[in-house]
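Residue numbers run from 1 in the order of the sequence given. In each ligand, atom 1 is the first atom listed, and ligand 1 is the first ligand listed. Remember, predicted model here, so these are calculated numbers, not experimental data.
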Amino acid sequence: MPANHDLTPWHTLPLEDTLRETGTSRTDGLTDEEANRRLATDGPNELKESGGRGLRHIIWEQVSSTMIVVLLIAGVLAWFLKGGDGLPIDAIAIFAIVILFVVLGVLQEYRAQKAIAALKKLSAPNVRVIRGGALREISARDLVRGDLVQIETGGVIPADCRIVENVNLRVQEAALTGESEPVEKTDGVLTNAEAGVGDRTNMLFSGTHVTYGRGSAVVVSTGMKTELGKIASLLQAVHHDPTPLQKRLDRLGKTLAILAVIIAALVGVTGMAEGKTVAEILILAVSIAVAIIPEGLPAVLTFSLAIGAQRMLRRKALIRKLPAVETLGSVTVVCSDKTGTLTMNRMTVTRLATADSVEPFAAGDRITGDRETLLRTATLCSDATVSPSGEGVGDPTEIAIVVAAGSNELAKSRLESEQPRVHEFPFDSDRKKMTTVHKAPDQSIVAYTKGAADQMLAVCDSAEENGKVVPLTPELRQRIEEMNRGMAREGIRVLGVARRTLERVPETLDPSTVETGLTFLGLIGMIDPPRPEAKAAVARCHTAGIQVKMITGDHPETALTIARELGIAGPESRAVTGVELERMEIAEIRAIARETAVFARVSPEHKLKIVQALQENGEVVAMTGDGVNDAPALKKADIGIAMGITGTDVAKEAADMVLVDDNFATIVNAVEEGRVVFDNLRRFIMFSLAGNVAKVLVVAVPPLLGMMAMLKPIQILFSNLLTDGLLGLGIGMEAAEKNTMTRPPYSPKESVFSRGVGIHVAVVGPVVGLLFIALGAWQWNAMGLPALLADDPDRSGPAFLLWGTLMFTALAFMQIVRVFCSRSFTDAAWKTPLRANPTLLGMAALTLVLQLAAVLLAPVHSFFHTIALPIHLFALAIVVALLVFFLMEMLKALLRRTVA
Ligand code: ATP
């Protein structure tokens, strides 16, 4: 083997040389040992993220956030304002807490990043390779040079490969070459060693995707050594665009910072009028800035989104793009495929119809004559296989056919050896048909076509009746259409089958030349039962104010029947077809999209139109898809959802979310989790901001009343750390409320302050603040502090410390109580079971311990400006906290009345 394979002009080597050079076998591929050895030396098949966010980047992001910068300025001010000698304790304390905030933020961000990276690994596509002579599915990351990979329509090419087998392969290479038309591939040898990437037509390149055909190929380079890897440094500027909510909350943070400056200025002006010193005024300003800023907000947001994505994965929804977590909570319309998502995708043939009549069919029923021809033809025109043990591989529609034929001693393998396949036009959901071309035992060439019954009739001009070919008269056509409709009305999926004799094997890739002038052989009806959980999931959507629309390639009657069974359509509903949509202007489609629940016989392009119309109607649309052609609709939808099992790589790459189990119910579960994430953020904002409003009042008002500021900057910061950092984290883990799926979705434009959050902040903040000021004023006098003012101008004597410590402690107790009241927006605190959120319980306990430590441990007294608190003052702090509890619950009861 030459030492450096990276320079080999693979496209000029004959296939045998390529296989030899890559040390592999055409039939058996690599052995497992060899593959593992190569993986160890060459590394995994992935692009290195040079522009990714390392720890340094995350730390810098935290340190440079507006909030932290304001706090740092506050710290510096505190440092210079400290008069006299000794350590600037306040400044050091502020810096210490800021560092703690940054550490906490970095930890959360880092954990979030790791969770996201894990999700990313999971979304790496799987590929089918031949190893040790057996076909196996492995992650594309584990591919090595010499692996023999299977290539199929809709697949993303996982590495650079030389084509071994080429069945009409066409590949979209725009990602590499900019050429938007798919390129036709060959398995021959090329001569021009200098040929550019776009001209190396016997090669497949990583990152491009297959739009048509199938084949196999041998991997020649992986990871950063691929053509994509070579230009990867250009693509590696990984953008981490903030999510819409992140942007909004960032704006909120900035607004609050500005507000802090304004309030501080006002307080400053009044202070100066009262003749306070500059130092005093600045300390006050610092305290206000510190009080108002919700330091924990950015970290809590990223963390909640990442945790939400993890929770979704546990419920079988894999998030590919993080903003999807928040958008999911706002979804107003779910557009779902029928087959496999709402139904089981387990098909069984139950009817066989020939030109004269429909007959029921069950596995094992003996059939002869026209019906046998029908089943034989459909079997030959299928790619599915069924093992002797009865296990099917391939499209469930075709498995049903092959199983039915097998039960009649029409084994597919035998039929294929009698009539080998010589050409094919694969199925696609635009023309809804497929054709295979065979060499019959008498050496004639025949084409067998199967597809959607109505589409088939359109391309037939004769029919077979009792073994004889007769013209397809209008009466006969009508009879067949009636049979088709009759079955469809029972929810049966109907396939038409036809045949045509050809003069020679077609050389074209265009199916329209063959799929015309066919002889109709009959209809095959099969049932595909609805998923048992789908009906309940549809009902959940409806109670959650989310519309469900079925968008299917199947017949309108089949679709309607299933849709009615599942509660998607009512008895009076009708289905709108793709053909009808084609005739409409977008304005008309908008009106139709509003009231129609079932769209049938649609092609992927129609899906795009439906999404567009719904979005123009102001809906937030989730749309499912599995094929290559679904990608544009998936990208356009607010939430594009790809099928994990049956979906193509292209659909998955275009999607925001992948359903691991292809199940409709999973979409609804993901929506619920999305709403939980959003609710938890709103809870956090409500809890944190109401507390901050109270703190600002507590800092700004008492000096105006002749008292000293009730809380020192360090005390406020410590309280914020406990509140936002610990309690906030706890409340971010709240489970779904019982009304999560019984209320209408939030509009993405709706303010985070809507539905009671703003009122809560505006009422609870001031009420609690004033309660505190009242407590402070009462104790100020009760402790006889006014008389001491003259002797203690610094207000640092034990009496003042005692007063400050009481306020500091009462504040902490109040926050703990408030967090429990904030768990539900409407329900009373005692109705939300404590065990539902053990994290919060733990965080509350930790907050209590830390607060007691700050008050009871003598060594930290000078740091926190505290002094040991006698028991009766502890009791007083508890009473005040209980009062807050009472007030908040009253407010919620009031809101319950007005909102309900
Ligand atoms: P959904 O869009 O809900 O997944 P679907 O499977 O019916 O439903 P398509 O895959 O676009 O949608 O198929 C459209 C029609 O094409 C089907 O209703 C069926 O009549 C026909 N069809 C499906 N699979 C095959 C196949 N393998 N061979 C021939 N015809 C098929």
Side-chain angles (χ1 to χ4, degrees), residues 153-154 335-347 349 377-385 392-402 424-436 448-459 484 487-488 491-498 511 515 518 521 523-528 530-531 534 548-563 566 568 575 577-579 598-607 610 623-630 633-634 641-643 645-648 651 659 662-664:
T153 309
C335 298
S336 173
D337 284 347
K338 171 178 69 72
T339 312
T341 318
L342 290 164
T343 66
M344 311 264 283
N345 215 1
R346 240 179 261 144
M347 315 233 188
V349 174
T377 307
T379 307
L380 280 165
C381 180
S382 291
D383 290 325
T385 54
V393 180
D395 176 357
T397 308
E398 299 190 343
I399 294 176
I401 293 171
V402 178
E424 66 194 61
F425 301 99
F427 175 77
D428 82 57
S429 41
D430 280 318
R431 50 185 236 287
K432 301 186 172 49
K433 295 186 215 71
M434 75 177 271
T435 295
T436 56
Y448 296 138
T449 305
K450 73 181 187 332
D454 30 348
Q455 315 271 338
M456 291 297 295
L457 273 181
V459 291
N484 177 22
M487 284 191 266
I492 289 176
R493 177 186 180 85
V494 189
L495 243 54
V497 183
E515 290 169 354
L518 307 181
L521 298 178
L523 301 173
I524 298 180
M526 50 191 88
I527 51 159
D528 176 19
R531 285 181 182 264
V548 181
K549 302 199 184 282
M550 175 192 276
I551 303 197
T552 176
D554 216 334
H555 191 281
E557 294 290 347
T558 312
L560 266 179
T561 306
I562 305 272
L566 292 174
I568 294 174
T577 64
V579 176
V598 178
F599 293 88
R601 283 288 185 249
V602 291
S603 304
E605 306 85 78
H606 302 135
K607 283 190 174 179
I610 297 170
M623 165 76 85
T624 66
D626 47 15
V628 188
N629 303 344
D630 286 331
L634 294 183
I641 304 171
M643 300 298 136
I645 305 170
T646 56
T648 56
L659 297 183
D662 287 11
N663 189 343
F664 177 79

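- Using modelled atom types, one finds a donor on one side chain and an acceptor on the other under 3.5 Å when comparing T339 with R493.
- If you check which protein heavy atom lies closest to atom 28 (N) of ligand 1, you get K450 NZ, 3.0 Å.
- The shortest contact between atom 30 (N) of ligand 1 and any protein heavy atom is with G451 CA, 3.3 Å.
- The protein heavy-atom contact nearest to atom 31 (C) of ligand 1 is F427 CE1, 3.2 Å.
- Distance alone, capped at 3.5 Å, places no donor-acceptor pair between the K450 side chain and the T379 backbone.
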task = Go through the steps to decide whether F664 and V548 satisfy the test side chain to side chain contact (heavy atoms under 4.5 Å, CB included), and finish with yes or no.
result = CA-CA 10 Å; F664 177 79; V548 181; 3.8 Å; yes
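- In terms of protein heavy-atom proximity, atom 19 (C) of ligand 1 is closest to L495 CD1, 3.5 Å.
- Ranking the protein heavy atoms by distance from atom 5 (P) of ligand 1 puts T339 OG1, 3.5 Å first.
- For ligand 1, the atoms closer than 4.0 angstrom to any heavy atom of R601 are 18 (O).
- Looking at every heavy atom in both residues, A400 comes nearest to M526 through CB-SD, 4.1 Å.
- At least one heavy atom of V494 sits closer than 4.0 Å to an atom of ligand 1.
- Residues N629 and D430 bring a donor and an acceptor atom of their side chains to less than 3.5 Å of each other.
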Worked verdict on E398 versus D383 for side chain to side chain contact (heavy atoms under 4.5 Å, CB included) = CA-CA 7 Å; E398 299 190 343; D383 290 325; 3.6 Å; yes
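- Nearest protein neighbour of atom 23 (C) of ligand 1, counting heavy atoms only, is R493 NH2, 3.3 Å.
- At least one donor-acceptor pair under 3.5 Å links the side chain of T624 to the backbone N or O of D337.
- Closest to atom 20 (O) of ligand 1 among all protein heavy atoms lies A452 CA, 3.2 Å.
- For atom 2 (O) of ligand 1, the choice among C381, S429, G553, A384 with the nearest heavy atom turns out to be G553.
- Within the listing of ligand 1, atoms 1 (P), 3 (O) sit less than 4.0 angstrom from a heavy atom of K338.
- Of the N or O atoms in K433, none lie within a sub-3.5 Å distance of an N or O in ligand 1.
- When hydrogens are left out, the protein atom nearest atom 1 (P) of ligand 1 is T552 OG1, 3.5 Å; that is the closest non-hydrogen contact.
- Residue contacts with ligand 1, taken as heavy atom pairs separated by less than 4.0 Å, involve D395 solely via side-chain atoms from C-beta onward.
- Under the 3.5 Å distance criterion, with hydrogens and angles disregarded, no donor-acceptor pair is assigned to the side chains of E515 and T449.
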inquiry  = Applying side chain to side chain contact (heavy atoms under 4.5 Å, CB included) to I568 and L342, what does each step give before you reach the verdict?
reply    = CA-CA 10 Å; I568 294 174; L342 290 164; 3.7 Å; yes
